[in-house]
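Not measured: the values here are computed from a predicted model. A note on names: the letters A, B, ... follow the listed sequences, proteins ahead of strands, and every chain is numbered from 1.
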Amino acid sequence: MFLSEVRVRFAPSPTGELHIGGARTALFNYLFVRKAGGKFVLRIDDTDLERSRADYIDKLIASLRWLGLDWDEGPYCQSNRLEEYTREAERLVAEKKAYRCYCSVESLASGRSAARRDSKAFLYPGSCRNLSAAEEEAFHKEGISPVIRLLTPDQGTTVVKDEVRGEVRFENINIDDFIIVKSNGLPTYNFASIVDDLQMGITHVIRAEEHLTNTPRQQICAAALGYDLPLFAHVPMILAPDRSKLSKRHGATSVEEFYSEGHLPEALINYMALLGWSPGAGGEEEIFTLEEMSERFDLQKVNKTAAIYDVTKLGWMNSHYMRVYDLDKLVEAAIPFFEQKELVKTPLEEQDYCYLKQVIDAVRERAKTLVELAEASFYFYHDNFNYDDKGVNKHFRKENTVEFIRQAAAKLRQLESFDKEAVESQYRSLSEELGISTGRLIHPTRLALTGRTAGPGLFEIMALLGREKTVERLEKAANYIENNCLEK
RNA sequence: GGCCCCUUCGUCUAAUCGGUUAGGACACCAGCCUUUCAAGCUGGCAACAGGGGUUCGAAUCCCCUAGGGGUCACCA
């Protein structure tokens, strides 16, 4: 027996940016299909004319590319496949497995509110199930555009065999003759989606849990259409910290926003993978490459519980990736953020690139995001910073600081070479001469050079800034202290 | 409200067939390291929603309750 090729699909609708839930669904599909050695189909579910927008398709694609989730086929757009849905729907009508319904939206709405009053679910009563040709003709003459409804079984049970949840049973009595083609001729989601999955030979439908209760309808469709069923896997949702559905008020929720906040794709991917999945059994590491995740991924190990999305761990993960990232790659990723803060301008001269690279290497360990990285690099590019207030009180206002700084500047001016080691040994011997701790020299120097009390190792900063800027800033600071800190 | 799913530290999670001092990660706290801040290392705090069963033994199996989520559209 031949193993048929595994085919999965990710089918977002272009009604907004790719959000973290959708991205994780895409990721799980990706991990699953890479491990299985199958094909990944990208499909755009754009049958909702009102809300779908072409520019969202581009954004969706850009986000997937940025994450590194590449696909093998598509993107297919449902809007290009409308004949298929019509053809299949007409076939069902011809086979008496579906029928046209002329009920008005108003009459259905009143039925719905009545059902609500009796606290029952509204089920379409099947009024148009057995219309005679004459009756249909009459409706046509009235100019009513019908919808097409699927004739669903009134008895029995539809069982969804779910890869992560096991068997989920739905009584057919609770499923009404739902609409598969709207009066404007476009298919509904439940219909278009399953027609596509069937026609595209999708073997595993991996999607969010919100679709679980749609699945029996789609299975009934598939049966009516005469196709074999794909396997289903409904992965848990991602919730906001207050357990509600994720929305704008919860901060960044889309991949684009995570990008703008300065996250690295590897970190987002790694973080998302662990939301609802873990390699389990003994494995206690949490850092994985896409390849490692693919190797270890297993739908059976996907959780059933909705996960709460909490940015703190993402921040930790991102800072981890910033530390271990290939330096040139990190520089490349960081450049737009440095540009945005007007630290660099893009066609970068070779020596500027070289300097930037050293700056980033010095600062990367204490930044959680690329935005922070650029912020923390400000003084490597500009002189116009203020001195941190607390730092001024702590370091500049101490006795003799001006003299210490001036002496340091004088010594540095005479140094033969201005590398890290030379500067450091100069500072150490000077502090000994002065009979003070090296820290007594280091702290005011850092404040003078950076305006801050925290940052990379001081001697690294000095070597990077170079002799001229270092001395200049030391003298500027000495003057500042005289003018601002020594008044009675 | 009907239907469906879910419930282990604050958060993400682990615990092959029921037998563990219920493990790890993030966060938090403390100590070490140290020129600062980070990082790193060491230690600490912290959970089986509640109640009934079944069993020699239950986080694990069954039932009930509570809570959360999803879905009930001519949205996807």
Check whether any side-chain N or O of A:R323 sits under 4.0 Å from OP1 or OP2 of B:rG40, and answer yes or no. yes

Does either side chain, that of A:T215 or that of A:H234, offer a donor lying less than 3.5 Å from an acceptor on the other one? yes

Output yes when A:R87 and A:E84 qualify as a salt bridge under the 4.0 Å nitrogen-oxygen rule, no when they do not. yes

Would you measure the distance from the P atom in B:rA15 across to the matching atom in B:rU8 and give it in whole Å? 14 Å

Assess whether a salt bridge exists between A:R129 and A:D154, defined as any Lys/Arg side-chain N lying under 4.0 Å from an Asp/Glu carboxylate O. yes

Give a yes/no on whether any side-chain N or O of A:K245 is located under 4.0 angstrom from OP1 or OP2 of B:rG68. no

Has A:N303 got a side-chain N or O lying under 4.0 Å from the OP1 or OP2 atom of B:rA14? yes

Hey, which sits more toward the 5' end of RNA chain B by its nearest nucleotide, A:H443 or A:S183? A:H443

Basic-acidic side-chain contact under 4.0 Å: A:D298, A:R296: no

Most 5' of A:R428 and A:V164 on RNA chain B, judged by nearest nucleotide: A:V164

Do any side-chain nitrogens or oxygens of A:T47 fall under 4.0 Å of OP1 or OP2 in B:rC75? no

Among B:rA76, B:rU35, B:rC74, which nucleotide sits nearest the side chain of A:R446? B:rU35

Base, sugar-phosphate alone, or nothing: which one does A:R112 contact when heavy atoms must sit under 4.0 Å apart? sugar-phosphate

Just to confirm, is there a sub-4.0 Å distance from OP1 or OP2 of B:rU11 to any side-chain nitrogen or oxygen of A:T312? no

With a cut-off of less than 4.0 Å, is there a side-chain N or O of A:K182 near OP1 or OP2 of B:rA76? yes

Taking the side chain of A:A307 as heavy atoms from C-beta outward, which of B:rA15, B:rU13, B:rU71 is closest to it? B:rU13

Using a 4.0 Å heavy-atom cut-off across all strands, classify A:N190 as base, sugar-phosphate, or nothing. nothing

Interatomic distance where CZ belongs to A:R217 and P belongs to B:rC74 [whole Å]: 11 Å

Of the listed nucleotides B:rG1, B:rU13, B:rU36, the one nearest the side chain of A:A454: B:rU36

